[in-house]
Amino acid sequence: MAEPAALLHVEGLSKHFGAVTATDNLNLHIAPGELHALIGPNGAGKTTAVAQIAGELRPDSGQIVFAGHTITDWPIQRRVKLGLARSYQITSLFPQFTALDNVALAVQAHQGHSLRAWRNAHRDPRLREPARLWLEKLGLAGRDEIPAAELAHGEQRQLELAMALATNPRLLLLDEPMAGMGSEDSQRLISLLRSLKGDYTILLVEHDMDAVFALADRITVLVYGQAIACDTPQAIRANEQVRTAYLGEQDV
Amino acid sequence: MLLLLEQILNGLQFGFMLFLLAAGLTLVFGIMHLLNLAHGSLYMIGAYTAATVTAATGHFSLGVLAALLVTALAGMLLEAGVFRRLYQREHLDQVLATFAVIFTVNELTRILWGRAPLYLDIPPALAGTIEIIPGAPYPVYRLLIIAVGALVALGLYVLINHTRLGMLIRAGASNREMVGALGANIKLLYTLVFGLGALLAGLAGALAGPILAIEVGMGENILILTFVVVVIGGIGSVRGALLGALLVGLTDTLGRAFLPGLFALVLPPAPATAAGSSLASITIYLLMVLILVFRPQGLFPVQGQHGA
Amino acid sequence: MARKPLIIFLGLAILLLLPIYAAATNDLYLLSLSSRMLIYALAAVSLDLLIGYGGMISLGHAAFFGLGAYVGGILAFHYQEFSLFFGLLPGSNQALIVWPLAVLISALAAAVFGLISLRTSGAYFIMITLALAQMLFFLFTSFSTYGGEDGISLWQRNDFPYLDLDNRYHFYYLCLGLLVGFVGLCQRLVNSRLGMVIRASKQNERRLRALGINPLPYRLVWLTIAGAGAGLAGVLLMNHSHYVSPALLHWTQSGELMVMVILGGLGTLYGPILGAMSLLLLEEWLNQYTEHWQLVLGPLLLLVVLFARRGLYGLLAGRGARDG
């Protein structure tokens, strides 16, 4: 069952909150370079699944293998060092820092040397230059010195993604990156993600079905914590069970 | 052996005294998320009121009654005037504002009662000793404190687990919005809970009157011990407050009674006394550290409690 | 924004010229009071590192302040009495030995306290720092060799090369120099990589962890630095007042330092200097009119907390005041 080539294996993952089963024996295999989408109705347990992979929640049972290491019991920091990065469904930034400082801190997190207490980090080209490049790449050029709290919502989402990318991850967990975005911003983000495809392995949780079907190599459909299907976009579109359980409501 | 039993009773008495304070502090934190440094001021107000009314009327019981009334009232007034504004604020603001209240109350006390400590005698009816353990007469008054503390613990248990008010309190401790949804008058609930906490602090102050010097600053000294109790028990947990208070009371009392003697077994008398009493003065803090190493959220962590 | 350098320049100029004014008016008390302000300012700045930049609300900062003072006091005590500490070490009156030792021991204590308290956060952290500081208070109260509650009185200030610390002018300028140096150091700290991590941990700890940084070791280093700063202030105060007592470790002292930080302006480095000076001046001034000055200070503080969160420096320097 396990494909040895996969970057991320999730095997039999389960998580209960009291009587509620949020994740039910979930299996997930993501190959290097793949953009894998995780979809499902509200409350299907997508965010819970991502939180377990990222290390913010401990699963009740099951195993997570990432890049050849069993990381099920690892703390977040260790997973990040191994190349796992995530963005949040609800924007999570350092609000008083400027956009550039936010990304520079992410670069710093990847580089280390955070105990250096003398040199001015605001004038350190090894932090500032990569950070500027990421801001540019994500369409935030010229917004360097604006405090994150004062950026527009769409810009904050872009910044969030820039921070995740700046840690140079091998696997990117994107939890609804388009949540609350206008259609113009969404289109920009879709083309951006398309440009990242292939260079990064991405697990994308998203409600925007246009985005999902435009980007994903494979799609896993989650209902009540259970994966009811995992296939290519065409096959998912054709899947009768998925249509009745989920997509049918949305006239895909 | 008899000495040990006597010291255990002393420890229990001290522990229940701490419980009276810790219960109010932990309720207020658990429900309103308020870190109230001025809780000790209510204890002090209780002690001063009891002493003054007892002196004026000659009846200790009237003094205690007055202390309960005055502290409950003072607590509710402070809640409505100051503390209510602090529930949604950061801990830092709460610390500073309640620190300011301490300043103010202490100075007012100095103006009203002067700088010299007051003393209150144990009422004659309670002044004797009783041999509950054959051969070891024990002061009735201290037994009374143990009994009162135990009764309050029982009363709080019934209140929290078997009454409508208690249900609201429990709901509030776990979910503020839910109480709102229940349609309860949350402002009134908060004021009542604060008044209850103040009343218990006042009771502790009144009962402490006859065994301690009544002076400005007494509230702060015991407040810090109360913090240790609450940290050990788990902030917000009344059960934890009871267990923590008894642990702290026993540890402190037994440490002070026996540590110098234990040191004397291995050291010459003078350094033994010095080392023993130095160590005895910090045993409860060491106890706190030890517990925190294993249980950073205290013995009874309250679910859904956000540290920040 | 340009107001900020102006205020700093003016402030420094006033502090530099103050002794000349004192000499001209022969007001030696002013000089002594000002030295005390500088010392408290140093301690308040070190606390601002914790509260204003790190979000670590320590209510036990006086522990490191008092410990620094006691290290100096105990060494001077043995020097005066020609006795040995623990029967092993002689005392000393050399500032260049005593002061680094005071700083080191305060830093060490801060590290140990940090190992215990930083495992927790929020209200637990506040209560635990308070309790640990109070533990030291009781510990020093129990040391009868060192005067117990009464503390230690000292005959003279420490010996410092080329300076006479018992000369008020020398001592004042030394305190000023150390304060300026410490603020400069803090300025570098808060803008360094370490400072960025610390400030980030205050704003959004969860995000920081998601970036792969566990804030704990950095907070520990930060707390150690702040403890060292408070220790330096402590040993200076012991020199200033020729006296050390457990009152320096008492939690009201911690509270007072916290008030200085808030009064001046949180997370600004310069604000706490202003806060320390204002509070001490206010106390002096009120004290002339009534012994019950706390009755004024209490409500005043309450009003500041409830309604004027930016502090004095924030009012003076405007929006650019925050974050170095």
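Note that the coordinates shown come from a computational prediction; the quantities given were computed from them, not determined experimentally.
Comparing Ala109(A), Pro75(A), Ala104(A) by how many heavy-atom pairs each has under 4.5 Å with chain C, the most go to Ala109(A). When each of Leu189(C), Asn214(C), Val197(C) is scored by its heavy-atom pairs under 4.5 Å with chain A, the top score falls to Asn214(C).
Checking Asn204(C) against Ser92(A) by side-chain atom types alone, a donor-acceptor pair falls below 3.5 Å.
For Ala54(A), no part sits under 4.5 Å from any heavy atom of chain C, backbone or side chain. Contact of Ala85(A) with chain C is not made at all, since no heavy-atom distance falls under 4.5 Å. Heavy atoms closer than 4.5 Å to chain A are found in the side chain of Val221(C), but not in its backbone. Heavy atoms closer than 4.5 Å to chain C are found in both the backbone and the side chain of Ser114(A). Contact annotation for Asp124(A): only side-chain heavy atoms (C-beta onward) come within less than 4.5 Å of a heavy atom of chain C. Proximity to chain A (any heavy atom under 4.5 Å) is shown, for Leu208(C), by both the backbone and the side chain.
The minimum heavy-atom distance linking Ala210(C) with Ile76(A) is given by the pair CA-CG2, 4.0 Å. Shortest non-hydrogen contact noted between Ser192(C) and Ala121(A) is C-CB, 3.7 Å.
A distance of 12.0 Å separates CD1 in Ile213(C) from NE2 in His110(A), rounded to the nearest 0.5 Å. Arg193(C) contributes atom CZ, which lies 5.0 Å from atom CD of Gln111(A) (distance to the nearest 0.5 angstrom). Rounded to the nearest 0.5 angstrom, Glu205(C) CD and Phe94(A) CZ are separated by 10.0 Å.
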**Message:** As a quick check of understanding, evaluate side-chain contact (heavy atoms from CB on, under 4.5 Å) for Leu185(C) and Trp118(A), giving each step before the final call.
**Reply:** CA-CA 8 Å; Leu185(C) 175 75; Trp118(A) 187 249; 3.8 Å; yes
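The closest side-chain heavy-atom distance from Gln203(C) to Pro95(A) is below 4.5 Å. In this structure, the side chains of Arg116(A) and Met196(C) stay at 4.5 Å or more apart for every pair of heavy atoms. For the pair Leu211(C) and Met163(A), the minimum side-chain heavy-atom distance is below 4.5 Å.
We find that Glu56(A) and Arg206(C) are joined by a salt bridge, their nearest charged nitrogen and carboxylate oxygen being less than 4.0 Å apart.
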